[in-house]
Protein chains: 2
Amino acid sequence: MARAATTADVFNAISEVARRGLLDAIGREECTVGELVARSGLSQPQVSKHLGVLRAVGLVRVRSEGRRRWYRVHGPALKPVYDWVRAYERTWNARLDRLDDLLGELQAESP
Amino acid sequence: MARAATTADVFNAISEVARRGLLDAIGREECTVGELVARSGLSQPQVSKHLGVLRAVGLVRVRSEGRRRWYRVHGPALKPVYDWVRAYERTWNARLDRLDDLLGELQAESP
DNA sequence: TTGACGCATGTCGATATCGGAATATAAAAT
DNA sequence: ATTTTATATTCCGATATCGACATGCGTCAA
């Protein structure tokens with residue numbers, strides 16, 4: 001058995017820098033593959049393949065218009081990542097950490 | 001060239017379910033490898049290898065005590081992931097999205 | 001109809017995984 | 001000194017990538 005497929009889940013899909021770059025390049029707009037090739041500096045096949053992975057995990061949606069394809073980011077697909085990593089936020093966020101301590105004290109006081 | 005190494009950055013390190021599981025298994029405690037083997041159901045070499053990857057990207061810290069090794073999560077290493085994914089939060093958070101619209105309107109009003 | 005354009009897909013070689021089994025290292029116990 | 005315990009490392013076969021290049025397919029233009 002080898003490493004999990006990049007299309008296995010969102011975590012695997014965004015592990016590649018180029019794919020995060022593509023998502024950032026699209027941003028809040030609707031982009032054509034050609035525009036992304038220009039913005040990213042990647043080859044056209046590369047962009048298409050990376051978009052294929054992003055599409056497979058639901059991170060982008062496509063709309064066909066003639067021979068052009070308009071891609072847009074579908075952010076909600078990132079929620080699993082956000083939810084998972086958010087649980088660790090208090091580890092570097094001092095304010096949340098102090099809130100944690102406070103809640104711990106309150107729980108310790110009440111029998 | 002092949003896929004980036006799992007030790008290349010935090011994104012690659014957490015792309016594996018087993019490694020996220022280990023981080024969650026450690027939680028806020030300090031764990032020994034044996035405890036993690038028991039909790040995760042993975043083999044001992046597996047656990048050691050995954051911990052090696054997590055250690056390489058700074059996601060865990062170790063402390064030696066005799067022949068035992070105490071591992072703990074070093075959360076701040078996750079900040080790059082959090083920061084990146086947080087930019088997309090407004091895509092699924094309706095309240096933030098409306099705030100975005102409001103800010104856009106305000107900016108459109110002022111010349 | 002022929003050709004140019006926009007994008008997707010296939011092939012290839014190189015590589016870095018993954019799990020499993022065996023082995024190595026190091027410390028404690030007998 | 002030997003053996004057991006706790007953990008790390010190595011070797012193995014299988015596999016899914018990645019980039020580069022070539023090709024296929026649908027669409028618009030001349």
Side-chain angles (χ1 to χ4, degrees), chain A residues 1-23 25-26 29-73, chain B residues 1-23 25-26 29-73:
Chain A
M1 208 177 294
R3 208 199 303 200
T6 55
T7 57
D9 57 47
V10 184
F11 286 90
N12 280 280
I14 66 166
S15 68
E16 174 77 30
V17 198
R19 280 189 289 266
R20 294 199 301 278
L22 281 178
L23 290 174
I26 302 176
E29 305 176 50
E30 202 176 21
C31 278
T32 216
V33 176
E35 288 173 354
L36 292 175
V37 170
R39 292 183 189 178
S40 66
L42 299 172
S43 73
Q44 180 267 310
Q46 289 270 352
V47 171
S48 279
K49 280 186 216 172
H50 283 311
L51 286 174
V53 173
L54 294 174
R55 193 161 13 108
V57 299
L59 270 170
V60 295
R61 299 286 171 84
V62 211
R63 177 174 65 87
S64 287
E65 188 186 272
R67 58 186 167 185
R68 221 159 294 175
R69 306 257 171 128
W70 294 92
Y71 281 88
R72 64 201 135 80
V73 176
Chain B
M1 209 178 292
R3 209 197 303 201
T6 55
T7 57
D9 57 47
V10 183
F11 286 91
N12 280 281
I14 66 167
S15 67
E16 174 78 29
V17 198
R19 281 189 289 265
R20 294 200 300 278
L22 281 178
L23 290 174
I26 301 175
E29 308 175 49
E30 202 175 21
C31 278
T32 218
V33 175
E35 289 173 353
L36 291 175
V37 170
R39 291 183 190 179
S40 65
L42 299 172
S43 72
Q44 180 268 313
Q46 288 271 354
V47 172
S48 278
K49 281 187 225 172
H50 284 311
L51 286 175
V53 173
L54 294 174
R55 193 160 14 106
V57 298
L59 271 169
V60 294
R61 299 285 172 85
V62 210
R63 178 174 65 86
S64 288
E65 188 186 273
R67 58 185 168 185
R68 221 160 296 177
R69 306 258 172 125
W70 294 92
Y71 280 86
R72 64 200 134 80
V73 176

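Labels below follow one simple rule: chain letters A, B, ... track the order of the sequence lines, proteins then strands, and each chain is numbered from 1. Predicted model, so just to flag it, every value in this text is computed and none were measured.
With contacts defined as side-chain heavy-atom distances shorter than 4.5 Å, the pair B:Arg3/A:Asn12 qualifies.
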- Whether each nucleotide of nucleotides 4-14 of chain C has a protein heavy atom under 4.0 Å at its base (B), only at its sugar-phosphate (S) or at neither (-) is summarised, 5' to 3', as BBSBBBBB-BB
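Atoms CG (A:Leu54) and C1' (D:dC18) sit 15 Å apart, rounded to a whole Å. As rounded to whole Å, 10 Å separates atom C1' of D:dG19 from atom CG of A:Leu42. Between the CD atom of A:Glu16 and the P atom of D:dA16 there is a distance of 17 Å, given to the nearest Å. At whole-Å resolution of the value, CD in B:Glu65 and C1' in D:dT7 are 14 Å apart. To the nearest angstrom, P of C:dT17 lies 12 Å from NE2 of B:His50.
The structure places CD of A:Glu35 at 5.0 Å from CH2 of A:Trp70, a figure rounded to the nearest 0.5 Å. Taken to the nearest 0.5 Å, the CG atom of B:Leu42 stands 6.0 Å off from the CG atom of B:Leu22.
Residue order along DNA chain D, read from the 5' end via each residue's closest nucleotide, puts A:Ala8 first among A:Ser43 and A:Ala8. Of the residues near DNA chain D, A:Gly66 and A:Arg19, the one whose nearest nucleotide (by heavy atom distance) lies more toward the 5' end is A:Arg19.
Listed here is the closest heavy atom pair of A:Arg20 and A:Ser15: NH1-O, 3.4 Å. Taking all atoms of both residues into account, the shortest heavy-atom contact from B:Cys31 to B:Ile26 is SG-CA, 4.0 Å.
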Which side-chain N or O atoms in residues 46-62 of chain A pair as donor and acceptor under 3.5 Å with protein atoms at least two apart or in another chain?
residue	atom	partner	partner atom	Å
A:Ser48	OG	A:Gln44	NE2	3.1
A:His50	ND1	A:Arg19	NH1	3.2
A:Arg61	NH2	A:His74	NE2	3.0

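Comparing C:dC18, D:dA16, D:dC18 by their nearest atom to the side chain of A:Ala5 picks out D:dA16.
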